[in-house]
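Below is one structure; the comments refer to it alone.
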Amino acid sequence: EYSESQITYKLKIIMLGDSSVGKTSMSQMIENPDQEYISVDSTVGFEYISKVYECDGDLVQVHLWDTAGQDKYGSLSDQYFKRAAGAFIIFDISSKKSFESCKGWHSQLKEAGENSVEVVLIGNKVDLEDEREVTFKEAQEFAKEHSFSYIETSVMMNKNIMEAFQLLINRLIASL
Ligand code: GDP
């Protein structure tokens with residue numbers, strides 16, 4: 001256990017992406033990595049999950065924010081973006097439309113005006129390989145264009161979820 005005064009850094013991470021790409025499922029998996037996959041059918045208003053990491057003797061507190069359903073309306077309040085240090089932009093590899101939306105989510109992030117937000121692009125639901133509509137290559141090219149990292153995940157298979165989280169944390173810590 002730790003006390004507030006021991007925290008050196010507080011990092012806010014936000015999740016961006018169309019409704020039903022898997023944002024809530026993913027943040028729940030990050031919060032409780034050992035839990036069985038639980039299917040969720042709607043995003044019900046929780047604000048963020050909190051995790052504390054030790055990094056070179058410093059305690060880093062991470063707040064991971066979920067959109068709490070606002071994603072359905074295609075835009076998010078300024079409050080959501082405020083002081084974000086990092087962002088996951090998530091799409092579903094079996095939905096071209098959700099990939100196309102990533103450009104818009106990135107624009108909103110830029111318009112919100114937070115400086116130098118580290119971004120990891122996530123192609124989720126790789127268990128749906130047979131229904132894939134977005135190639136690894138095109139997603140990677142989009143990521144490269146904007147200096148994002150790209151990783152493919154499956155919450156259902158518990159594949160690469162903690163790796164994706166770690167990737168963003170590492171980028172953030174390197175930028176501190
Ligand atoms: P959100 O609206 O972006 O928060 O998405 P949810 O987390 O609510 O997930 C939407 C639906 O996709 C739910 O039925 C999840 O169970 C399902 N889902 C989430 N991740 C995966 C995955 O990796 N593979 C598959 N096949 N389904 C997933």
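FYI, the numbering just counts along the sequence from 1. Numbering of ligands and ligand atoms starts at 1, following listing order.
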Looking at [X], which atoms of ligand 1 are within less than 4.0 Å of one of its heavy atoms?
X: Ser25; result: 6 (P), 7 (O), 9 (O), 15 (C), 19 (C)
X: Asp18; result: 3 (O)
X: Ser154; result: 23 (O)
X: Ser20; result: 1 (P), 2 (O), 3 (O), 5 (O), 10 (C), 12 (O)
X: Lys23; result: 1 (P), 2 (O), 3 (O), 4 (O), 5 (O), 7 (O)

Practice task
Sort and list the pairs that fulfil salt bridge (charged side-chain N to carboxylate O under 4.0 Å, His left out) and have at least one residue in residues 83-92, not counting sequence neighbours.
Solution key: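 Checked against salt bridge (charged side-chain N to carboxylate O under 4.0 Å, His left out) - neighbours excluded - the pairs reaching residues 83-92 are Asp92-Lys125.
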
Exercise for the section: For a side-chain contact (heavy atoms from CB on, under 4.5 Å) with Ile30, tell me which candidate from Val155, Leu64, Ile13, Val62 qualifies. Expected result: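 Single side-chain contact (heavy atoms from CB on, under 4.5 Å) partner of Ile30 among Val155, Leu64, Ile13, Val62: Leu64.
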
Practice task
Examine ligand 1 and decide if any of its atoms is less than 4.0 Å from a heavy atom belonging to Gly17.
Solution key: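 False for this residue.
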
Exercise for the section: For Asp18 and Ser101, test the side chains for any donor-to-acceptor distance below 3.5 angstrom and give the result as yes or no. Expected result: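 The criterion, which ignores hydrogens and geometry beyond distance, is satisfied for Ser101 and Asp18.
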
Problem - Carboxylate-amine/guanidinium proximity below 4.0 Å for Lys97 and Glu100 - result: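 Answer for the salt bridge query: no.
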
Exercise for the section: Before accepting this row, confirm whether a basic side-chain N of the pair Glu145/Lys103 lies closer than 4.0 Å to the acidic partner's carboxylate O. Expected result: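 Lys103 and Glu145: not salt-bridged.
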
May I ask you to identify, for [X], whether its side chain, its backbone, both or neither come under 4.0 Å of ligand 1 on a heavy-atom basis?
X: Asn124; value: side chain
X: Asp127; value: side chain
X: Leu128; value: side chain

Practice task
Would you list the pairs meeting ring pair (Phe, Tyr, Trp, His ring centres under 6.0 Å) in which at least one residue belongs to residues 150-169, sequence neighbours left out?
Solution key: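 Ring pair (Phe, Tyr, Trp, His ring centres under 6.0 Å) check on residues 150-169 returns Tyr53-Phe165, Phe136-Tyr150.
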
Exercise for the section: Could you tell me whether some N/O pair between Met26 and ligand 1 is separated by less than 3.5 angstrom? Expected result: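 No; the residue has no nitrogen or oxygen that sits under 3.5 Å from a nitrogen or oxygen of the ligand.
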
Exercise for the section: Return the orientation label for the Phe148 and His146 ring planes: parallel under 30°, perpendicular over 60°, tilted otherwise. Expected result: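 Ring orientation, 0 to 90° scale: parallel.
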
